[in-house]
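The structure appears below as structure tokens.
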Amino acid sequence: MVAPPMTSNAGPVDVPWPALALAAALVLVAVGIARWQRLGLARRFAVGAVRATVQLVAVGYLLTGLFAADRWWLVLLALAAMLAAATQTAASRPKLAGEARTGAARGALVQASGLALLLGAGLTLAYVDAVVLRVRPWYDARYLVPLFGMILGNAMNGAALAAERLASELQLRRGEVEAWLALGASPAQATAEAARQAMTAALLPAANALTVVGIVQLPGMMTGQILAGQSPLLAVRYQLVVVFMLAGATAATAWIVVQRYRAAFFTAAEQLADRVPV
Amino acid sequence: MLHDVTVSIPAGEVTALVGPSGAGKTSLLRLLNRLDDPTAGEVAYDGRPVASYPVRALRRRVGFVFQTPTMFAGTVADNLRAAIALGTPDGIGDDAGGVLDAALDAAELPRAYAGRDASRLSGGERQRVALARALVAGPTTLLLDEPTAALDPEVGERLMRTVARLPAERSVDVVMVTHRLREAREASTYVVALEAGRVLEAGASAAVFGGAAHPRVREYLASA
């Protein structure tokens, strides 16, 4: 065994640019295998590696600037931009058919996702910031930006899963929904089962993540902290804060998306709209 | 699709909407409990525009049984209780005054069926559960969309006899879509004949079936 040139309890090991180039060699393995096996993915790996580098380095400079500026409104602006990007992604993921792709259904989905992420992810971040971690100053970008990134990433997936499942359930259950409506049920009552299915689909990954965390893999943030020289126990406590907050944010976001989005499937007279987004 | 339809459907009768496929029978039915709205014109129920009723109240007064009945999850009793619960302010479907049994009786389902898993019933049984479910809401009018289309002729005839008794026994008017003309003749007291979205003729069943005024209707009725 060759002793690693790394000492424990020291500060983080630097990754100089030449070392990064050595790491990039590993992508060549992926490119090589993809080409050899004719997966049609070689180019995508190569372009992806370049994109990842450019994007992350840009983010690195942005964060450096943000940290140095130390202005609350700049931090909020950055969070708002993240929210907008997440909303766009969440709303563009569910495959909507025909007219729904560009029509009112898409607009309704953007609105529902935006509101859900704002409330679900935003309130979770505020709670973690002000109550759990008591970050001082409250707008410290070192905490808010990475935390919001993690929350949004998960909440966004939850929102997209919930919306996609809701649309397909309502398509599938058209007869059932109309049977409820015809008995005098409200749209909420008529779509209760579809909503339950959508919520389950959105929350199952979050629930599973809770049960396997630390067993199947060490979460990225925790790994990062340990690599950066933090005590594993502190890293674990941080990671627990993260998994708890992700569970709460995903559930809240999915719930709001379902509540808001299902209204888009009905007319003012509580009729199932003609063109159901699929 | 319907065009320029002007028709009055009388109370206290079993009205059959007849006509070839695409005549607009189901479309007309859906307008009556506001599952759809007309693009132009007005639909009135009991002398008032349907749009002037609170929509949920209208739908409880004007029940709808679909061509392919959808069973809700659970037992037959769960299905009926769901319909009862929708009409109670607290949303609890208690079986006040044996409403459930009465509905099973009216739909001619054995009371022992209450405990059966609704998803395991035959087509005819489902259609009866759907009928009972619509009846527990306490409608004054019941809309039936091809209620016998998926049933054996014999099962269908039994269901039709049940339906024909509703006005007298439960004070429920019936409007049904059917393509089985024999069924319409035997079960209905009033008939509306449609074709390509237009009403060709409406009148007492005996008169229309005895000798329709409109040649297309005569031709259509003779085809059965």
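Since we're looking at a predicted model, the values are computed, not measured. Order of the sequence lines sets the chain letters (A, B, ...), proteins ahead of strands, with each chain counted from 1.
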Checklist entry - Which atom pair, heavy atoms only, marks the closest approach of Gly184(A) to Arg60(B)? => result CA-CG, 4.0 Å
Checklist entry - Heavy-atom count around Trp72(A) CH2 within 6.0 Å, excluding the residue itself: above 12? => result no
Checklist outcome for this item: Between Ala182(A) and Phe64(B) the two heavy atoms that sit nearest each other are CB-CB, 3.7 Å
Next on the checklist: Can you tell me which portion of Asn33(B) sits under 4.5 Å from chain A's heavy atoms? Options are side chain, backbone, both or neither.
Outcome noted: side chain
Checklist entry - What part of Arg133(B) is in contact with chain A, defined as an atom under 4.5 angstrom from a non-hydrogen atom: side chain, backbone, both or neither? => result both
Next on the checklist: Using heavy-atom distances under 4.5 Å, tell me whether Gln189(A) contacts chain B through its side chain, its backbone, both, or neither.
Outcome noted: side chain
Next on the checklist: Would you say CZ of Arg260(A) has more than 12 non-hydrogen atoms from neighbouring residues, nucleotides or ligands within 6.0 angstrom?
Outcome noted: no
Checklist entry - Residues two or more places apart in sequence or in another chain: which of them pass ring pair (Phe, Tyr, Trp, His ring centres under 6.0 Å) with Phe45(A)? => result none
Checklist entry - Is it true that atom CZ of Arg48(B) has more than 12 heavy atoms of other residues, nucleotides or ligands lying nearer than 6.0 Å? => result yes
Item to check | Atom OH of Tyr139(A) with >12 non-hydrogen neighbours under 6.0 angstrom | outcome: yes
Checklist outcome for this item: Residue from Leu58(B), Val65(B), Thr68(B), Val55(B) scoring the most non-hydrogen pairs under 4.5 Å with chain A is Val55(B)
Item to check | Over 12 non-hydrogen atoms of neighbours within 6.0 angstrom of CD in Glu154(B) | outcome: no
Next on the checklist: Any non-hydrogen side-chain atom of Leu86(B) less than 4.5 Å from a side-chain atom of Trp180(A)?
Outcome noted: yes
Item to check | Glu42(B): partners by side chain to side chain contact (heavy atoms under 4.5 Å, CB included), with sequence neighbours left out | outcome: Pro49(B)
Checklist entry - What pair of heavy atoms forms the shortest contact from Ala269(A) to Arg34(B), and how long is it? => result CB-NH2, 3.4 Å
Checklist entry - Taking all non-hydrogen atoms of both residues, which atom of Phe66(B) and which atom of Ala179(A) are closest, and how far apart? => result CE1-CA, 3.6 Å
Next on the checklist: Just verifying a value: how many Å separate Arg30(B) CZ and Glu178(A) CD, rounded to the nearest 0.5 Å?
Outcome noted: 4.0 Å
